[in-house]
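Heads up: the structure comes next, in structure tokens.
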Amino acid sequence: MNDLNIIELYFARDEQAIKQTDIKYGKLCHSIAYNILNNAEDSEECVNDTYIGIWNAIPPTRPSNFKAFICRITRNLSLKRLETMSRQKRSEATLVSLDELAEILPDESIACGISDEDIAKLISNFLRSQKEDVRGIFIRKYYFFDSVSDIALRYSFSESKVKNILHRTRAKLKDYLIKEGVKL
Amino acid sequence: MKSRRIVNAMNHIDDDLISEAVNETTRKKSTLIKWSAVAACFVVIIVSISIVGPMLFDKDDPIVDIGGTGEEGVLVKYYDYKINDGEFADYIGGEVISEGMIGNKIDTVTVTAGWKNDVGKWLSTETLSADVYEIEGVPKEIKVALKFKDKGEALTTTHYYQISMVLPNYSEENPVRYLESTNMGPANGWQDFGISGEIRTITVPLGSTYIYQMYSYYIRNDLSHLYPNQALPTSLDELPEWLAYTETTERIMFWYSMSLRLPTSISLTKTSEIISENGDMRFISAEYQIFSNEKTENCVIYFMEKDGVYSAFAVFANENFDFVKTYTESIVKSYQEKE
């Protein structure tokens with residue numbers, strides 16, 4: 001079933017909407033939640049929460065990009081859950097990817113005049129100027145929290161090449177942000 | 001603190017970048033060797049998806065089952081077409097429709113056809129000639145059928161494809177303005193209703209799902225947009241009956257805009273008058289039963305008129321019709337002029 005039809009089911013308040021969403025995007029949601037939470041049970045609950053979130057949001061929202069809409073909700077809810085979980089249960093891999101990015105992005109106390117949306121816009125612009133592979137790898141890592149080994153497998157690259165690409169892209173992004181006037 | 005900032009910032013990157021990364025990964029997941037094994041099937045599938053695909057798969061669905069192997073693949077390109085000019089230029093399509101439903105030929109058009117990539121950019125184009133036909137029982141303002149005269153890259157010119165008008169994105173036109181945020185989700189949301197007013201369509205927090213699943217609603221401001229070639233009744237009181245008249249199919253546009261299902265008949269069962277709490281606006285509440293081939297639906301529609309412009313707040317009940325009526329009546333009574 002295509003996304004427009006699924007959205008119509010939500011508008012009709014038809015419970016098939018959730019079933020069809022699960023059939024089409026269940027796997028994707030699970031992988032996002034699992035990458036962040038590193039725990040099957042929590043991921044499962046998070047995906048269920050995602051479906052409730054979608055059900056509540058549509059209508060009135062009519063997402064123009066349903067896939068990205070779902071990814072965003074799953075990621076948000078997973079991160080919220082991660083925050084409330086005890087430190088011991090946190091996924092180390094996730095923390096590592098965040099630490100890497102922390103080196104290049106401004107602290108709220110420093111760049112307090114810049115909103116998250118503004119920074120995101122700059123990151124989006126920067127990524128658009130990169131090669132498709134590079135862009136994909138960066139987003140897989142820092143949006144979806146895929147592990148380096150998973151990314152290497154999916155892109156048929158060696159792990160060291162993926163690490164190298166990520167390292168170089170982070171450095172370029174840092175330069176880009178400085179040039180755009182974001183104080184670091 | 002820094003990490004949190006980054007998490008939040010990354011969450012706002014553009015939608016197309018996110019979906020591209022999802023597609024990209026899926027596409028590259030299979031190795032070259034694996035792909036070559038199914039390459040032959042894949043080429044056929046790409047062609048079938050666009051040309052005869054609608055008979056086999058859901059239309060426009062880029063994720064396909066490769067050769068029945070259960071492997072998901074992402075469509076990297078697909079064949080699409082668009083009428084170049086004239087009254088059907090904006091129509092989109094197109095599932096195959098059976099010849100038995102085809103009516104008179106009404107036009108001959110030129111069509112730009114060709115391959116598009118997964119984000120809808122043309123990769124190649126050709127210009128083809130096609131005939132436009134009426135579909136029995138459907139106004140041409142909503143849907144028509146297209147039959148190609150030139151083959152182009154397609155394998156045959158045998159089939160008729162239905163193409164339909166594109167409705168505006170009403171949710172975008174009437175975004176909800178939330179005035180409160182609770183830990184159960186946003187609440188107290190107002191939406192434009194009529195040409196200068198608003199109603200409180202979201203009362204309780206969105207996290208409280210039960211009420212919201214009992215009904216779905218649609219706001220249509222300025223009904224004349226849906227009937228550009230017809231004169232609407234001069235009095236608000238005549239409007240409910242006018243819209244229920246199904247002898248001429250042109251009037252079903254209003255209903256089509258809400259469910260994309262063409263009703264076979266519409267029965268107006270009751271009308272009454274409602275006045276907003278502030279006494280400023282008078283509404284006609286009209287109850288209908290809508291029959292289509294698939295199901296019968298109960299709905300109540302609140303009509304209003306302001307400066308000669310008609311607008312409607314339409315509510316379709318999924319359960320507990322009486323409760324839904326009471327609840328949505330209170331929404332309508334919240335009407336106020338926007339500041």
Side-chain angles (χ1 to χ4, degrees), chain A residues 1-5 8 11-15 24 28 52 55-57 59-65 67-69 71-72 75-76 79 83 95 98-99 101-102 105-109 111 116-117 119-121 123-124 127-128 132-133 135-140 142-144 146 151 153-156, chain B residues 1-26 28-29 31-32 58-63 72 169-172 174-176 185 189 191 201-202 205-209 212-219 258-261 297 316 318-319:
Chain A
M1 185 176 276
N2 71 27
D3 290 352
L4 285 181
N5 291 345
E8 283 312 322
F11 267 83
R13 308 315 277 161
D14 186 333
E15 280 166 19
K24 190 162 178 185
L28 175 64
I52 295 171
W55 180 265
N56 288 339
T61 311
R62 191 183 283 273
S64 55
N65 186 333
K67 192 189 285 173
F69 181 75
C71 290
R72 219 181 277 282
R75 186 176 185 272
N76 262 336
L79 287 165
E83 204 174 272
L95 288 179
L98 297 180
D99 284 348
L101 269 186
L105 283 164
D107 193 292
E108 260 162 316
S109 59
D116 294 336
E117 285 85 352
I119 294 176
K121 201 160 264 309
I123 298 175
S124 295
L127 289 174
R128 275 182 211 291
E132 202 176 326
D133 278 351
R135 185 160 67 220
I137 288 170
F138 191 89
I139 292 170
R140 289 302 327 180
Y142 300 116
Y143 188 90
F144 293 103
D146 281 3
I151 296 173
L153 197 69
R154 293 181 180 201
Y155 282 80
S156 303
Chain B
M1 201 64 196
K2 270 189 170 185
S3 302
R4 174 139 188 102
R5 186 85 200 267
I6 292 141
V7 170
N8 292 343
M10 280 301 284
N11 211 39
H12 294 288
I13 63 170
D14 294 347
D15 281 358
D16 59 318
L17 295 174
I18 298 167
S19 49
E20 181 194 74
V22 175
N23 294 349
E24 181 70 12
T25 313
T26 317
K28 298 222 170 178
K29 184 166 61 181
T31 62
L32 200 61
D58 284 332
K59 76 182 173 83
D60 298 336
D61 195 337
I63 297 183
E72 270 191 354
N169 185 338
Y170 290 106
S171 311
E172 231 168 54
N174 299 317
V176 184
Q191 278 180 287
T201 52
I202 312 284
L206 278 174
S208 326
T209 56
Y212 296 120
Q213 73 192 42
M214 283 195 281
Y215 69 95
S216 31
Y217 72 90
Y218 306 86
I219 295 176
M258 296 187 290
S259 74
L260 299 184
R261 231 181 260 123
E297 289 177 287
F316 286 73
N318 303 320
E319 52 183 295

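We name chains A, B, ... by the order of the sequence lines, and we start the count at 1 in each one. Everything numeric here is computed off the predicted structure, so don't read it as measured data.
At a 4.5 Å heavy-atom cutoff, the contact between A:R72 and chain B is made by backbone and side-chain atoms alike. Proximity to chain A (any heavy atom under 4.5 Å) is restricted, for B:Y215, to the backbone atoms N, CA, C and O.
In A:E15, the CD atom is not crowded: 12 or fewer heavy atoms of neighbouring residues, nucleotides or ligands sit closer than 6.0 Å.
Two residues are said to be in side-chain contact when any heavy atoms from C-beta on lie closer than 4.5 Å; A:F138 and B:M10 meet this criterion.
For the pair B:I13 and A:A120, the tightest heavy-atom approach, listed with the atom from each and the gap, is N-CB, 3.8 Å. In this structure, A:C71 and B:V22 approach most closely via the heavy-atom pair SG-CG2, 4.1 Å. Nearest approach of A:F11 to B:S216, heavy atoms of both residues: O-CB, 2.9 Å.
No donor-acceptor pair under 3.5 Å is formed between the side chain of B:S19 and the backbone N or O of A:A68.
Among the candidates B:D15, B:I219, B:T201, the residue making the largest number of heavy-atom pairs closer than 4.5 Å to chain A is B:D15.
A distance of 6.0 Å separates CG of B:L17 from CG of A:L127, quoted to the nearest 0.5 Å.
Scanning for salt bridge (Lys or Arg N to Asp or Glu O under 4.0 Å) contacts around B:D16 gives A:R128, with sequence neighbours left out. Judged as a ring-ring contact (aromatic ring centres under 6.0 Å, His included), and not counting sequence neighbours, A:F69 has no contacts.
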